Number of protein chains: 2
Amino acid sequence: MPRSRTRNAPETRAAILEAARQRFASEGFDASLSSIVADAGITKGALFHYFENKQALYLEVWTNLQTDMARDTQKAALANRSPDDPYQAILAGCRRYLEWTTRPDFQRIVLIEGRGVLGMTEWMSNERDVGREVVRSAIGYLVQRGLIADDRASTLSVIVQGALHGAGLALARNIDGVTVDSICCALDSMLRQMK
Amino acid sequence: MPRSRTRNAPETRAAILEAARQRFASEGFDASLSSIVADAGITKGALFHYFENKQALYLEVWTNLQTDMARDTQKAALANRSPDDPYQAILAGCRRYLEWTTRPDFQRIVLIEGRGVLGMTEWMSNERDVGREVVRSAIGYLVQRGLIADDRASTLSVIVQGALHGAGLALARNIDGVTVDSICCALDSMLRQMK
DNA sequence: CGAGCTAACATACCAGTGGTATGTAAAAAC
DNA sequence: GTTTTTACATACCACTGGTATGTTAGCTCG
C-alpha cells in the first residue's frame, strides 16, 4: 500500500539486502523474515520473488560482506607494497582485515554465524570462501618470490587464515592481552619465518 | 506409554543427549525436537523437564564433545612427554586434536555450527571455550620453560588455536595439499620459532 | 494504439516448530 | 499414611518459513 506504483526492482532488492544485513547483524539468522520485510517496506511476496529462501538471502548478505572485506584488504595490501620487503604488503592486509573484525555485522554474520548457517551445503562445498582466496594469493606471492616452498603453500594458507580468524574472534571477545598490535607483531615474525 | 513405569532419570537424560548428538550431527541445529524425543523414546515434556530450551540442550552436547576432546588431547600430550624436547608433547596433542576433526559429529557440532548456535550469549561471553584453555595451558608450559615471553602468551595462544581450528576445517573439507602430516610439520616449525 | 505477456510485487494461507500450561502417577519425605 | 516432589506425558499455542494465488504496472509487437 505505501509502496509507490513505480516499479524499481534493483532498489527493492537492495532494500531487502540492507534490511537483512542489519537484522542478521543484530539478531542473527533467527531474525524473522517478517521483521526484515517490514524494515524494507515490502512484503514476503517480494522477498520470495527475489530470493529462493532464507538461506539464499543470508548467503548473499554474507557474500557481500566477505567480498567487500576482501577488496578492501587487498587494496590496503597493494597500497603498502615495498620493493625491498615483500612481507610489508601482506602485513598491511592483515591489519586491515583485523580492522574489519571490529565491525559488529562482520563479526556476527561472517565470523560467528556464517559458517553454521551456510554450513555443509554452501560453505563446505567450494570456493565461496573468499577469505581463503585472498590468503592463498598472498602466500602465492611469497612462493613466487621464492620465500616459501611451493608444496607448502596450501597448508600454510589454511594455517595463516585460521590464525587470522582466531585473532579476529579474540579481538571481538576482547580477550586480555590480545590487541591489534600484538597480533600484527606475532604475525610478522610468524610469516617471516615460514619457508 | 512405551516408557516403563520404573523411573530412571539419569538414563533418560543420557538418552536425550545421545539422540540429540546424533540428530545435531546429521541435521544440524535445525533438527527438530520432535525427532530427538522420538529417537530417545520419550516426549517433549521430558525434554523440557531436563533442559530449559533447545539451546541449553545443544550447549550440553557441545560441551560434552569439547571436554571429551580436551581430555583426550591432553592425555595424548602427557603420554608423549620427552625430557629433552618440550615441544614433542604439544605436537602430539595437536595431532590428536586433528584426529578429532575427522569425526563427523565433532566437525559439525563443534567446528561448524557450535559457534553460531551458542554465539554471543554463551560462546562469546567467556570460558566455555575449553579448547582455548587447553592451548593456553600448553603455551603456559612453554612460558614456564622460558621458551616464550610471558606477555606474548595470550596472543600466541589465540593464533595457535586459530591455526589448529583452520587446519581442522581444511581437513574436514579435504582441501588439496592439506594433510595431517603437512599440518603437523608446519605447526612444528611454527611453534619452535615462537618466542 | 491496444491486446497479451511478463515482471514485480501483495494477500491469504498452511504445516510444522519451539515452547508452555497442565495433568498424573510413582517415589521420597515426614 | 499423608504430603510433597520428581519425572515424565498430553494438549495446546503463537509464530515461523514457505507456498499458492492473486493483482497491477510496464513492455512487446502486430
Side-chain angles (χ1 to χ4, degrees), chain A residues 1-24 26-62 109 113 116-122, chain B residues 1-24 26-62 109 113 116-122:
Chain A
M1 196 89 75
R3 192 110 281 265
S4 73
R5 72 188 95 277
T6 75
R7 301 304 176 89
N8 45 358
E11 276 91 356
T12 303
R13 201 165 196 284
I16 296 173
L17 283 169
E18 177 57 20
R21 205 199 66 199
Q22 291 184 20
R23 285 283 177 175
F24 286 149
S26 60
E27 302 167 35
F29 187 65
D30 287 342
S32 75
L33 295 182
S34 321
S35 70
I36 292 174
V37 298
D39 289 358
I42 44 104
T43 63
K44 280 204 283 187
L47 198 160
F48 280 97
H49 175 67
Y50 289 107
F51 303 94
E52 196 187 340
N53 50 34
K54 197 181 182 183
Q55 276 206 22
L57 172 61
Y58 197 93
L59 175 62
E60 196 151 328
V61 172
W62 179 83
I109 297 173
E113 287 193 337
V117 173
L118 312 172
M120 306 295 147
T121 58
E122 288 298 334
Chain B
M1 196 90 75
R3 193 111 281 265
S4 73
R5 76 191 90 276
T6 76
R7 300 305 172 90
N8 43 0
E11 276 91 356
T12 303
R13 201 165 194 285
I16 296 173
L17 283 170
E18 176 58 20
R21 205 198 66 201
Q22 292 184 19
R23 286 282 177 177
F24 286 148
S26 58
E27 302 167 36
F29 187 65
D30 287 341
S32 76
L33 294 181
S34 321
S35 70
I36 292 174
V37 299
D39 288 358
I42 44 103
T43 64
K44 279 205 281 186
L47 198 160
F48 281 94
H49 175 67
Y50 289 107
F51 302 93
E52 197 187 341
N53 51 32
K54 197 181 182 183
Q55 277 205 23
L57 172 60
Y58 197 93
L59 175 61
E60 194 150 331
V61 172
W62 179 81
I109 297 172
E113 287 194 337
V117 173
L118 312 172
M120 306 293 148
T121 57
E122 289 297 335

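Only a predicted model underlies this, so the values are computations on that prediction, with no experimental measurement involved. Per chain, numbering begins at 1; letters A, B, ... match sequence-line order.
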K.L.:
Rounded to the Å, how far apart are Arg23(B) CZ and dG18(C) C1'?
P.N.:
16 Å
K.L.:
If you check the Ala46(B) side chain, which of dA9(D), dG17(D), dG19(C) turns out closest?
P.N.:
dA9(D)
K.L.:
Which nucleotide, dA10(C), dG18(D), dG18(C), lies nearest any side-chain atom of Ile42(A)?
P.N.:
dA10(C)
K.L.:
Which nucleotide sits closest to the side chain of Phe48(B): dA9(D), dG19(C), dT17(C)?
P.N.:
dG19(C)
K.L.:
Distance check needed: dT16(D) P versus Phe29(A) CZ, whole Å only.
P.N.:
14 Å
K.L.:
Of Pro10(B) and Leu33(A), whose closest DNA chain D nucleotide lies nearer the 5' terminus?
P.N.:
Pro10(B)
K.L.:
Let's go through Val37(A) and Ile42(A) carefully: what are the C-alpha distance in whole Å and the side-chain angles of both, what is the deciding distance for side-chain contact (heavy atoms from CB on, under 4.5 Å) to 0.1 Å, and is it a yes or a no?
P.N.:
CA-CA 5 Å; Val37(A) 298; Ile42(A) 44 104; 3.8 Å; yes
K.L.:
Starting at the 5' end of DNA chain D, which residue's closest nucleotide do you reach first, Gly45(A) or Asp30(A)?
P.N.:
Asp30(A)
K.L.:
Of all the choices, dG18(D), dC8(D), dA8(C), which nucleotide is nearest to the side chain of Tyr50(A) once you look at every atom?
P.N.:
dA8(C)
K.L.:
Going by the angle between their ring planes, with limits at 30° and 60°, are Tyr58(A) and Phe29(A) parallel, tilted or perpendicular?
P.N.:
perpendicular
K.L.:
Thr12(B) side chain N/O closer than 4.0 Å to the phosphate oxygens (OP1, OP2) of dA7(D)?
P.N.:
no
K.L.:
Taking only side-chain nitrogens and oxygens of His49(A), does any of them come within less than 4.0 Å of OP1 or OP2 of dA8(C)?
P.N.:
yes
K.L.:
Any side-chain N or O of Ser34(A) less than 4.0 Å from the OP1 or OP2 oxygen of dC15(D)?
P.N.:
no
K.L.:
Which distance, rounded to the nearest 0.5 Å, do you find between the CG of Leu17(A) and the CD1 of Ile36(A)?
P.N.:
10.0 Å
K.L.:
Report which part of the nucleic acid Thr43(A) touches: base, sugar-phosphate, or nothing (heavy-atom distance under 4.0 Å, all strands).
P.N.:
base
K.L.:
What's the CD1-P distance between Ile36(A) and dG17(D), to the nearest Å?
P.N.:
8 Å
K.L.:
Starting from P on dC9(C), measure out to CD on Glu11(A) and report it in whole angstrom.
P.N.:
10 Å
K.L.:
To the nearest Å, give me how far apart OH (Tyr58(A)) and P (dG17(D)) are.
P.N.:
14 Å
K.L.:
Distance check needed: dC9(C) C1' versus Ile16(A) CD1, whole Å only.
P.N.:
10 Å
K.L.:
Does atom CD (Glu11(B)) have a neighbourhood of more than 12 heavy atoms from anything else shown, all under 6.0 Å?
P.N.:
yes
K.L.:
Could you tell me the separation between the NZ atom of Lys44(B) and the P atom of dC8(D), rounded to a whole number of Å?
P.N.:
17 Å
K.L.:
Measure the distance from CG on Leu47(B) to C1' on dA9(D) and round it to the nearest whole Å.
P.N.:
13 Å
K.L.:
So do the side chains of Asp39(A) and Gln22(A) get within less than 4.5 Å of each other, counting heavy atoms only?
P.N.:
no
